[in-house]
Amino acid sequence: MDYKKTLSLPRTKFPMKANLAKREPEQLKKWEEDGLHDKVRKSAKGREQFILHDGPPYANGNIHIGTALNKILKDIIVRSRQMAGFDAVYVPGWDCHGLPIEHNVDKELGEKKKGMSQADVRKLCRAYAEKYIDIQRDEFKRLGVMGEWENPYLTMNYAYEATIARECCKFALEGSLFRSKKPIYWCCDCKTALAEAEIEYYDAASPSIFVKFLLKDDVSNDFPALAGKKIFMVIWTTTPWTIPANLGIALHPDFEYVAVDTGKGEVFVLARELVENCMKTFGFSDFSIIADIKAADLERKRCAHPLYDRESLIVLGNHVTLEAGTGCVHTAPGHGREDYEVGFEYGLDAYSPVDDRGCFTDEADFFEGKFVFKANKEINAKLQENGALLAEENITHQYPHCWRCKRPVIFRATPQWFISMDKTGLRRRSLKEIDRVNWIPHWGRERIYGMIENRPDWCVSRQRAWGVPITVFYCDKCESLLMNREIMDNIFDLLKEHGADIWLEKDVKDLLPNGATCEKCGSSSFIKETDILDVWFDSGVSHAAVLEQRQNLKWPADLYLEGNDQHRGWFHSSLLTAVGLRGSAPYNAVLTHGFVVDKSGKKMSKSLGNVIAPGEVIDKYGAEILRLWVSATDYRDDIRISENILKQLSDAYRRIRNTCRFMLGNLSDFDPLKHAVPLESMPDIDKFALHTLQELIGKGRKAYETYEFHVIYHSLHNYCTVDLSAFYLDVLKDRLYTSPPKSVKRRSAQTVMHTILDTIIRLVAPILPFTAEEVWKFMPAREGKEESVHLSDLPVGNAAWKNPELAEKWDFLLEIRKMMSKGLEEARAKKLIGHSLDAGVIIGGNEEMYERLSPYQEDLRAMSIVSKVSLVEEEIIGNEGTNGKEMPTTEVIEGLSLLVVPAAGNKCERCWICDPSVGKSSKHPTVCTRCQGVLAEIES
RNA sequence: GGGCCUGUAGCUCAGUUUCGGUUAGAGCGCACGCCUGAUAAGCGUGAGGUCGAUGGUUCAACUCCAUCCAGGCCCA
């Protein structure tokens with residue numbers, strides 16, 4: 001007789017091989033056809049909301065691994081909150097304006113651009129953004145990210161553009177928006193402002209000059225040694241043409257300065273460390289240091305400008321270095337970033353007597369009309385003439401050039417728009433609000449606090465085409481800003497209907513109400529600003545354009561989640577716009593993740609050749625593996641990815657998948673509605689399994705709540721391998737396969753397996769949505785089983801399953817099991833046994849152990865999968881067995897020892913357990929008594 | 001150069017509420033073995049770490065302090 005046919009072996013069509021790359025797209029299609037997202041949304045109606053507000057990725061290029069990480073994390077959160085009983089809708093967004101798109105469109109156009117209007121260019125930019133939104137949308141959907149993909153928010157939507165303009169107007173109304181000069185990169189040839197990204201650095205030759213400035217203020221009180229002397233501050237610069245714009249000399253507050261008597265009747269002030277070199281350059285050999293000077297003692301003292309009848313103020317700044325020059329830095333706030341910033345602190349003007357062709361204006365007097373680079377020589381000559389030039393050399397250094405025409409660029413102050421950090425207390429209020437927000441990890445608070453505390457006013461204007469204009473007017477006569485509610489509302493309505501292009505198309509008179517006059521000077525002539533807004537302003541008002549305006553969202557959001565670079569970016573700009581115009585932060589919590597790095601922790605870059613693209617991972621392993629990768633790591637730090645890591649994860653995936661498959665196979669004849677066994681009728685090991693499961697649920701739910709997904713991954717993986725595969729399910733095999741199919745003990749095991757599977761599948765659904773659904777479809781119907789796992793809830797622990805006393809007992813039994821498997825392994829090594837069922841084990845215990853274990857002899861046998869366990873009350877160690885066929889082990893647990901012996905009797909052909917009863921029956925001579933009983937039951 | 005952060009076995013993570021205590025754990029991978037009734041599966045055993053480095057505080061440091069090294073993000 002073929003007894004195998006009398007067994008209940010696992011049966012399932014659930015495929016062992018996942019074939020994710022192929023099956024995932026099919027699943028996505030199915031979900032779409034079934035309208036799953038709508039169903040999920042409907043099912044959540046009326047529940048408490050949980051809103052994760054999406055930070056918009058830039059609509060340019062394909063997504064990279066970091067974008068994938070970000071979106072998967074968001075998806076895990078949204079799905080888990082949804083399954084935790086919230087109404088968690090996800091509205092994805094895109095950042096559409098800005099330089100990179102404009103730049104790429106420029107590149108594509110090449111020469112053609114010259115004949116095109118700004119409106120035409122803007123149209124192309126819009127089309128460009130649309131193209132990449134479609135591409136990225138498909139990529140995000142492929143990752144399994146669920147959301148309102150058909151109704152995302154785009155910063156270039158008309159309504160969004162209108163909101164951007166309105167929020168900007170509100171800053172004007174509220175008094176924070178102001179116009180002021182600031183130096184920016186300027187190409188004199190293209191006559192355009194350039195962004196940092198449009199600058200290329202090449203080596204270039206520059207003149208390098210040392211110039212002395214006469215100190216006008218008397219310092220003899222502080223430095224008696226200098227009384228009556230002619231004192232000069234000595235500066236060094238490689239841009240002589242900025243000397244006409246000099247308004248200051250900067251010293252480092254911490255450097256040591258000295259007064260040097262040149263031996264020629266003059267005293268020079270410079271940094272001590274640079275004296276030797278400088279004097280050599282100037283050709284003075286007979287010099288002497290006559291005083292030590294602290295920078296602070298010279299602060300705000302005044303010098304005479306060497307060319308004009310003007311003063312130059314001594315200021316202190318940390319940007320001063322000792323790498324070259326004199327330690328006294330020529331400061332022209334209109335022509336340098338740092339000069340501007342230090343000048344700002346001392347109230348110096350961003351003076352820049354240079355026009356948009358790079359020629360001096362009449363303010364520069366002698367040099368009027370001269371192109372700045374050509375004027376260098378004349379300026380040097382003039383300095384020489386005035387006796388201010390100490391030395392002149394030529395040097396080669398890295399100098400910024402225009403990306404387009406490759407000519408050197410200059411820094412030039414032009415009027416820009418700013419949002420003040422302090423006029424209306426924006427800084428103070430923002431700092432206060434930072435402390436209301438929950439920053440995860442907590443150090444995010446320090447990071448953004450430091451940035452807000454120290455940042456300069458926000459320069460929001462850009463001299464660009466692709467963006468939303470700063471929709472304000474200023475007086476043609478006195479330059480005062482014109483803005484009121486009526487104007488603002490009108491602009492909002494116009495843009496909402498026509499988009500931002502309308503601002504550029506229409507004349508001032510069509511945009512302004514009739515009879516508008518300047519409050520300050522009464523003029524009725526106004527200029528329409530055509531600069532556009534910084535794109536950080538665009539995305540920074542998403543809370544106003546999206547959270548506030550969509551019915552299904554709320555303000556503030558529960559959570560913002562981005563990479564930790566966004567403390568300077570989106571978190572920052574969102575905070576400022578929200579605090580500035582609404583008085584509080586637009587988020588209650590901010591979660592950050594690190595950056596994706598390679599296997600050795602280095603950043604990914606094309607030049608290093610260590611880039612891993614999400615598409616490649618998906619094609620090779622599937623999106624689920626990428627998602628598992630996201631869940632497995634502690635994303636609060638940087639996250640490594642490598643072939644090895646992905647391989648490890650797909651191994652882990654297979655383990656989880658196979659564990660599910662095994663359970664499915666053993667549930668093929670199980671109907672939970674009819675066959676479920678109540679807890680009280682279950683054997684202890686089943687109760688113990690449910691106890692363990694209940695602990696997993698608790699851990700998992702808590703981890704979702706605190707966004708610690710790696711805890712879920714590790715717990716679940718450990719659970720599948722250690723608790724299930726290596727223990728519970730392995731032990732269960734005998735019961736499942738050999739018992740009468742409908743017996744209570746088999747049904748009990750199935751009840752538990754069904755519960756376990758139902759639980760872990762729902763627990764893992766936010767992380768592995770594809771696989772969870774695949775398993776879900778294979779699971780038998782139960783009461784209230786939803787059509788999709790994604791319509792179900794996270795598992796809830798059952799208090800009745802909790803059984804700490806039982807768990808303590810079984811943990812101890814597991815220790816003994818561990819000891820037994822060591823013993824079995826030794827026996828195996830000696831070729832005494834092969835399969836563990838070939839063995840019997842004699843456990844010797846002292847009185848206490850014997851008492852404690854005697855109720856569990858059969859449990860110990862079953863859980864160790866041996867043919868027999870006999871418990872004896874004696875010490876076995878040293879009791880060398882008979883015939884070399886016994887394997888004593890050393891005492892591992894105090895009071896316990898054991899002996900592995902070949903199992904007595906013959907192997908039952910049906911259940912493979914060795915038992916003396918095998919061979920006793922005439923009907924079934926190769927089968928044990930137990931199986932004979934089962935066979936009789938089956939036959940009847 | 002500055003701000004914030006990270007550095008525990010080959011890999012991914014634990015290491016017991018901010019504030020030190022004895023032989024630093026898990027899973028994977030690897031090696032070896034078993035099984036062939038989860039089978040392109042399953043089980044077992046084993047070998048892997050001077051806790052980035054150095055110095056200090058302490059009876060005692062992966063844990064506290066300092067410096068350094070390596071790496072990341074953001075500034076300059």
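Sequence lines set the chain letters: A, B, ... in the order given, protein chains first and strands last, and positions in each chain run from 1.
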Checking W536(A) now: which residues fulfil side-chain hydrogen bond (donor to acceptor under 3.5 Å, both in side chains) with it, not counting sequence neighbours?
none
Test of understanding: with side-chain hydrogen bond (donor to acceptor under 3.5 Å, both in side chains), list the residues that count as partners of D811(A), not counting sequence neighbours.
none
Using the criterion of both pairing distances under 3.5 Å for Watson-Crick and G-U wobble pairs, give all stems of 3 or more consecutive pairs involving RNA chain B.
B:1-7 with B:69-75, B:10-13 with B:25-28, B:30-34 with B:42-46, B:52-56 with B:64-68
At less than 4.0 Å, is any side-chain N or O atom of [X] found next to OP1 or OP2 of [N]? Yes or no.
X: T659(A); N: rA38(B); value: no
X: K818(A); N: rG44(B); value: no
X: Y449(A); N: rC4(B); value: no
X: R455(A); N: rC75(B); value: no

Less than 3.5 Å between a donor and an acceptor, one on the side chain of R447(A) and one on the base of rC73(B), is that the case here?
yes
Could a donor-acceptor pair under 3.5 angstrom be found where the side chain of S725(A) meets the base of rA38(B)?
yes
Tell me, please, whether Y719(A) has K699(A) positioned over its six-membered ring: NZ or CZ under 6.0 Å from the ring centre and within 45 degrees of its axis?
no
Could you state the [atom1]-[atom2] distance from [X] to [N], rounded to the nearest angstrom?
X: L649(A); N: rG10(B); atom1: CG; atom2: P; value: 18 Å
X: M451(A); N: rC5(B); atom1: CE; atom2: C1'; value: 11 Å
X: I816(A); N: rG44(B); atom1: CD1; atom2: C1'; value: 18 Å
X: I656(A); N: rU12(B); atom1: CD1; atom2: P; value: 17 Å
X: E446(A); N: rG2(B); atom1: CD; atom2: C1'; value: 16 Å
X: K702(A); N: rU16(B); atom1: NZ; atom2: C1'; value: 12 Å
X: K603(A); N: rC73(B); atom1: NZ; atom2: C1'; value: 9 Å
X: R445(A); N: rC5(B); atom1: CZ; atom2: P; value: 12 Å

Mind checking whether F418(A) and W458(A) have ring centres under 6.0 Å apart?
no
Output field: ring centroids H710(A)/Y635(A) closer than 6.0 Å:
no
Applied to residues 441-457 of chain A, the salt bridge (charged side-chain N to carboxylate O under 4.0 Å, His left out) test, sequence neighbours excluded, yields D435(A)-R445(A)
Taking only residues at least two apart or on different chains, which pairs with a member in residues 700-718 of chain A satisfy salt bridge (charged side-chain N to carboxylate O under 4.0 Å, His left out)?
R636(A)-E708(A)
Anti/syn call for rG48(B), syn if |chi| within 90°:
syn
rU57(B) and rA66(B), which share atom name P, separated by this distance in whole Å:
15 Å
Would you check, one step at a time, whether the test salt bridge (Lys or Arg N to Asp or Glu O under 4.0 Å) holds for R817(A) with D859(A)?
CA-CA 10 Å; R817(A) 182 182 192 253; D859(A) 283 325; over 6 Å; no
Protein-nucleotides 29-36 of chain B N/O pairs closer than 3.5 Å?
from    : atom 1 : to      : atom 2 : distance (Å)
rC34(B) : O2'    : G834(A) : O      : 2.9

Mapping D637(A) and R654(A) onto RNA chain B by nearest heavy atom, which one lands closer to the 5' end?
D637(A)
Closest approach of K182(A) to C459(A) (non-hydrogen atoms, all atoms of both residues):
NZ-CB, 3.9 Å
K818(A) and E815(A): CA distance, side-chain angles, deciding distance, salt bridge (Lys or Arg N to Asp or Glu O under 4.0 Å) verdict:
CA-CA 5 Å; K818(A) 185 112 186 142; E815(A) 268 184 71; over 6 Å; no
